[in-house]
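All chains are named by letter (A, B, ...) in the order of the sequence lines, taking the proteins before the strands, and each is independently numbered beginning at 1.
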2 protein chains.
Amino acid sequence: MTNALIRRLDEYTPLTGADRDELAHLCMQSTRLVQAKRDLIREGDAPRVIYVILDGWAAHYRTLANGRRQIVDFAIPGDLCDLNLFILDRMDHSISAITRLKVAEVRRELLHRVVTNFPNITTALWWAELVSKSIHREWIVNVGQRSASERVAHLFCEMFLRLESVGLTNGFSCDFPLTQNDIAETTGLTAVHVNRTIQELRRRGLIVLERQRLTVPDMLALQDASLFNPNYLHLRRLNQHTDAGRHAQKGRDRQGR
Amino acid sequence: MTNALIRRLDEYTPLTGADRDELAHLCMQSTRLVQAKRDLIREGDAPRVIYVILDGWAAHYRTLANGRRQIVDFAIPGDLCDLNLFILDRMDHSISAITRLKVAEVRRELLHRVVTNFPNITTALWWAELVSKSIHREWIVNVGQRSASERVAHLFCEMFLRLESVGLTNGFSCDFPLTQNDIAETTGLTAVHVNRTIQELRRRGLIVLERQRLTVPDMLALQDASLFNPNYLHLRRLNQHTDAGRHAQKGRDRQGR
DNA sequence: CGTTCAGTTGACCATGATCAAGAGTGGTGG
DNA sequence: CCACCACTCTTGATCATGGTCAACTGAACG
């Protein structure tokens, strides 16, 4: 299987052979395994390296003074954990491993060298950064405007498509390692209510979720149930079932459907 | 009064005289006035210029299929309205004028020239982008984990400090042009409940809000009431009342308090 | 001077929170 | 291999925060 970072960046900018080689090299310099539930880095820390997720899931989160925790994004293979390092001195949030994690640690100088010599890669990193910001916006909408079942269904839609874009789905299924408590902390609901909500989605035939595996038999139906519009993910290649047709993306060439 | 963009970017990177001149020049090339409540740009549009807010407030928002609207950020003087233009082809959200607005329109080529010739400015733009992303994260936390009164109070704290950092406060007061309906659309509450919440904050003596003017007699008290921690704004110079002391910012040199 | 929009109030309702207890599952060590 | 522990999931009963609907007030502005 090809490197998830390459796969992901290539989603946006067609990369040359040299670009790919450079990225592959970058990810092999120094890798690290992290146990599930361990923090990769904590709020307040000064980041020393940039992490690239090679395998597993991580969560970006913030903790409030009263102890409550809010997950603000997930990182899956191919995702970078913040370019913060280049600019801001301190982490303003924490990152922890959901599953056992394999990450590449990229030193600042190394990435800097790449950025100055490989313009395609620079553009692609910018793109990844802006897409991640767009995802943040959608999460604000999610917790602000959607009902419990819409929120949870929306999360399933998003993660399925993101996994698909890096080749981590199998037909209608994908690994889904989140506990109901994790889902609660991302949707602003309680774990008890997430449980009831998931049962409702199961009853309606929208998802199958068992033993860390998610199946979405009808993606369009799930999207309808969650007011999901894939545009915010800025995926170039939308798959058959991702509903590229319904949400007008004026003037952009489309495949599928 | 000095240009708000310069003031804002200088907050991060000390700019040279040449940097300042260039920014001033950039903002004077082409300016435009926008009526209150008009959209500056809409979701799906291909942006042609980058906007810099020179005067007034704007709102970034998304609309759902069911018509509900969520404001995902405000733009105040000195803020840039998305560097999207450089990378992503379509707007994934809309921006509309809260008040009458004065904006600078910066053409892509022009900004590109600046970016290649003025490294300080490039760094500062990156910084602005990352801070704006951090603000997005905090908004997720806000709607996800805080109670109604905490959410509304948090918004007051944030906007007050952001205005202060570009010199738009007067002692304990600042202009505050949002309607209760606007506040509802940013906090994920209803306008009716925002009304009751604001009355509660008034009763508790935390804010004075009348005729578009906000006064915060005791910023620390308001911060306590909203679980507010200013770190996420990445302000270099925290003012006296911004509570730099309580929230440990390890190893960072601080002023005030 | 009337029209419009923002703010206010009241009555009632519903979504989701809280508290508590129990069932399934997996991993660990005796 | 089994007993135990911890964690995740599940269910029920009750509660509360904030939503909905509707009417009214007041200020701003043409």
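Summarising the geometry, the separation between CZ on A:R151 and P on C:dT15 is reported as 13 Å, rounded to the nearest angstrom. When rounded to the nearest whole Å, the span between CZ of A:R100 and P of C:dG27 equals 14 Å. Rounded to whole Å, the distance from NE2 on B:H193 to P on C:dT8 is 15 Å. Remark: P of D:dG18 and CD1 of B:I198 are 14 Å apart, rounded to the nearest angstrom. Taking atom CG on B:N66 and atom C1' on D:dT20, their separation rounds to 15 Å, with Å as the unit. Spacing between atom CD of A:E200 and atom P of C:dT15 amounts to 10 Å, rounded to whole angstrom units. In this structure, A:E150 atom CD and C:dG16 atom P are separated by 9 Å, rounded to whole Å. Put simply, CD on B:E210 is 11 Å from P on C:dT8, counting in whole angstrom units.
Place A:S147 and A:R211 on DNA chain C by their nearest nucleotides, and A:S147 ends up nearer the 5' end. For A:R68 and B:N181, each mapped to the nucleotide of DNA chain C holding its nearest heavy atom, the one lying further toward the 5' end belongs to B:N181.
Rounding to the nearest 0.5 Å places CG of A:L101 at 8.5 Å from CG of A:L33.
For A:K37, no side-chain nitrogen or oxygen approaches OP1 or OP2 of D:dA6 to under 4.0 Å. The phosphate of D:dT10 has OP1 or OP2 within less than 4.0 Å of a side-chain N or O from A:N195. Contact check, A:R202 against D:dT10: a side-chain N or O comes under 4.0 Å of OP1 or OP2. Contact check, B:Q199 against C:dT9: a side-chain N or O comes under 4.0 Å of OP1 or OP2. Note on A:Q180: every side-chain N or O is 4.0 Å or more away from OP1 and OP2 of D:dC7.
Between the side chain of A:R196 and the base of D:dG12, at least one donor-acceptor pair of N or O atoms lies under 3.5 Å.
Here the side chain of A:A148 is nearest to one of D:dG19, D:dT10, C:dG16, namely C:dG16. The side chain of A:V192 lies closest to C:dC19 when the candidates are C:dC19, D:dT20, D:dG18. Distance from the side chain of A:L189 is smallest to C:dA17 among C:dA17, C:dG26, D:dG18.
Under the 3.5 Å distance criterion, the side-chain polar atoms of B:R38 are left unmatched by any main-chain donor or acceptor of B:I98. Without hydrogens or angle criteria, A:Q70 side chain to A:Y61 main chain gives no donor-acceptor distance under 3.5 Å. B:D182 contributes a side-chain N or O that, together with a main-chain N or O of B:T179, makes up a donor-acceptor pair within less than 3.5 Å.
The aromatic rings of A:H154 and A:Y232 lie parallel to each other, their planes meeting at an angle below 30°, with 60° marking the opposite boundary.
In summary, the aromatic rings of B:F176 and B:F156 are positioned with their centroids under 6.0 Å apart.
Among the heavy atoms of the strands lying under 4.0 Å from A:T179 are primed sugar atoms or P, OP1, OP2 only; no base atom is included. When heavy atoms are screened at a 4.0 angstrom cut-off, B:T197 is found touching no nucleic acid atom at all.
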